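Taking it in order: structure first as structure tokens, then the write-up.
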Amino acid sequence: MKKRIRVALSGSGFRLGAHLGALQAIVDAGYEIIELAGTSGGSIVAAMYAGGMRLGDMHDLCMRMDWSPMMRFSPWAVLRHQALCSGTALEAFLRDGSKGKTFADLELDLKIIAADLLTEKEFQFSRETTPKVPIGMAARASASIPIVFPPVDVAGALLVDGGTADNVPVSDLTVDEVPRLGIYLVSDDAPLRPGRYGLRTLAPRIIDLMLAANETAHVDLDQRSGATIARIPTGYASSFDRNMPLATRRRLYEDGYTNTQLALSSL
């Protein structure tokens with residue numbers, strides 16, 4: 001009989017390989033994931049896994065995926081949605097990758113976290129709260145980086161990137177005798193030298209600064225409540241690198257696997 005575990009995947013940008021390495025380490029250690037929560041980039045991985053995509057297929061996709069079409073600048077999007085990209089390509093990709101399933105279709109208990117601009121609070125997609133919502137749409141909402149993508153209007157909410165509310169959604173996991181594990185991609189970037197830098201360099205650092213304020217408090221509370229946190233160093237990879245080198249993708253996967261394996265040894 002497999003050991004059971006509840007898992008939360010943090011925001012990650014395009015560093016998704018680290019989450020895949022973490023999930024593979026969990027499966028290889030003999031665990032059955034009975035509940036999975038995800039925020040932003042973590043929600044993309046969570047939706048595809050919950051939708052039934054095999055980890056091996058997810059790994060192959062992650063190693064070759066060019067995300068540039070998902071973030072193509074659109075003047076129409078600026079005029080109509082006040083955002084740089086329409087989000088249409090990303091939503092289509094997520095719908096296909098999750099096989100069009102809704103929360104009600106899932107055997108796995110999935111929670112996807114977004115932030116509601118109407119209430120200025122965290123919004124949780126789940127089987128209980130949003131059974132008829134496609135999990136691909138939920139992931140699209142959770143990954144809606146403000147200004148880059150337009151907010152998603154669904155379930156009576158106006159939703160943007162879940163990282164602005166809870167970037168490491170361990171607190172959304174059920175608390176019982178089953179171990180809870182948070183996969184936390186740490187943006188441990190090296191300091192920059194004084195000088196002038198473009199948006200490509202500064203944008204991910206600005207986002208990391210915004211997220212850092214709530215990450216530390218959330219992770220501390222999660223650990224106090226008995227959860228285990230696997231910290232994955234990812235500062236060498238930009239969260240905005242849409243087509244990063246294969247060597248970087250492989251390193252993210254290996255770091256996700258190794259650090260999660262270490263965290264599991266303490267359970």
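No experiment lies behind these values; they were computed from the predicted model shown.
- Taking all atoms of both residues into account, the shortest heavy-atom contact from Tyr49 to Leu36 is CD2-CD2, 3.8 Å.
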Next on the checklist: Run Asp220 and Arg224 through salt bridge (Lys or Arg N to Asp or Glu O under 4.0 Å) and show every step you take.
Outcome noted: CA-CA 6 Å; Asp220 182 56; Arg224 290 185 184 183; 3.2 Å; yes
Item to check | From CA spacing to verdict: side chain to side chain donor-acceptor pair (under 3.5 Å), Arg15, Thr248 | outcome: CA-CA 9 Å; Arg15 300 169 296 184; Thr248 304; over 6 Å; no
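- In this model, no donor atom of one side chain and acceptor atom of the other lie less than 3.5 Å apart for Asn167 and Tyr184.
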Next on the checklist: Go through it in stages, so that I can follow the logic: the residues are Glu35 and Arg6, the test is salt bridge (Lys or Arg N to Asp or Glu O under 4.0 Å), and I'd like the CA-CA distance, side-chain angles, deciding distance and then a yes or no.
Outcome noted: CA-CA 5 Å; Glu35 184 180 18; Arg6 305 183 188 277; 2.9 Å; yes
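- Hydrophobic clustering (side-chain heavy atoms under 4.5 Å, transitive across Ile, Leu, Val, Met, Phe, Trp, Tyr) groups Leu267 together with Val27.
- At distances below 3.5 Å, not a single donor-acceptor pair connects side-chain atoms of Arg95 with backbone N or O atoms of Met137.
- No donor-acceptor pair under 3.5 Å is formed between the side chain of Asn259 and the backbone N or O of Ile232.
- Nearest heavy atoms, Phe14 versus Met244: O-CE, 3.5 Å.
- A heavy-atom distance below 4.5 Å is not found between the side chains of Asp241 and Trp67.
- Under the 3.5 Å distance criterion, the side-chain polar atoms of Thr260 are matched with a main-chain donor or acceptor of Gly256.
- Met63 and Met65 fall within a single hydrophobic cluster, where Ile, Leu, Val, Met, Phe, Trp and Tyr side chains are chained together by heavy-atom contacts under 4.5 Å.
- Counting only distance, with no hydrogens or angles, the side chain of Thr102 and the backbone of Pro134 share no donor-acceptor pair below 3.5 Å.
- A salt bridge is defined here as a Lys NZ or Arg NE, NH1 or NH2 lying under 4.0 Å from an Asp or Glu carboxylate O, and Arg4 with Glu177 meets this definition.
- The nearest pair of heavy atoms linking Pro150 to Arg140 is O-NH2, 3.3 Å.
- Residue Ile113 holds its CD1 atom at 4.5 Å from CD of Glu122, rounded to the nearest 0.5 Å.
- Considering only residues two or more places apart in sequence or on other chains, Leu221 meets the side-chain contact (heavy atoms from CB on, under 4.5 Å) condition with none of them.
- A donor-acceptor pair under 3.5 Å links the side-chain atoms of His19 to the main chain of Ser10, judged by distance alone.
- Screening residues 245-264 for salt bridge (Lys or Arg N to Asp or Glu O under 4.0 Å), with sequence neighbours left out, gives Arg251-Asp255.
- Between the side chain of Arg180 and the backbone N or O of Ser171, no donor-acceptor pair lies under 3.5 Å.
- Around atom CD of Glu120, no more than 12 heavy atoms belonging to other residues, nucleotides or ligands sit under 6.0 Å away.
- Closest heavy-atom contact between Ala139 and Ile112: N-CD1, 4.0 Å.
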Item to check | Pair Asp161-Ser40, side chain to side chain donor-acceptor pair (under 3.5 Å): steps then yes or no | outcome: CA-CA 6 Å; Asp161 197 305; Ser40 196; 2.9 Å; yes
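- Formation of a donor-acceptor pair under 3.5 Å by the Lys3 side chain with backbone atoms of Ala29 is found in this model.
- Each ring-ring contact (aromatic ring centres under 6.0 Å, His included) pair with one or both residues in residues 112-142, not counting sequence neighbours, appears once here: Phe123-Phe125.
- Residues Leu264 and Ala25 approach most closely at CD1-O, 3.8 Å, considering heavy atoms.
- Both Leu61 and Ile44 sit in one connected hydrophobic cluster of ILVMFWY residues. Membership requires side-chain heavy atoms under 4.5 Å apart, directly or through other members.
- Under a 3.5 Å cut-off, the side chain of Thr129 and the backbone N or O of Gln124 do form a donor-acceptor pair.
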Next on the checklist: Walk me through whether Thr174 and Asp176 qualify under side chain to side chain donor-acceptor pair (under 3.5 Å).
Outcome noted: CA-CA 6 Å; Thr174 303; Asp176 57 12; 5.9 Å; no
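- A donor-acceptor pair is defined here as one N or O able to donate and one able to accept, closer than 3.5 Å; no such pair exists between the side chain of Lys2 and the backbone of Tyr31.
- No single ILVMFWY cluster, assembled from side-chain heavy atoms under 4.5 Å apart, contains both Ile34 and Leu23.
- Across every non-hydrogen atom of Val168 and Val219, the tightest pair is CG2-CG2, 4.0 Å.
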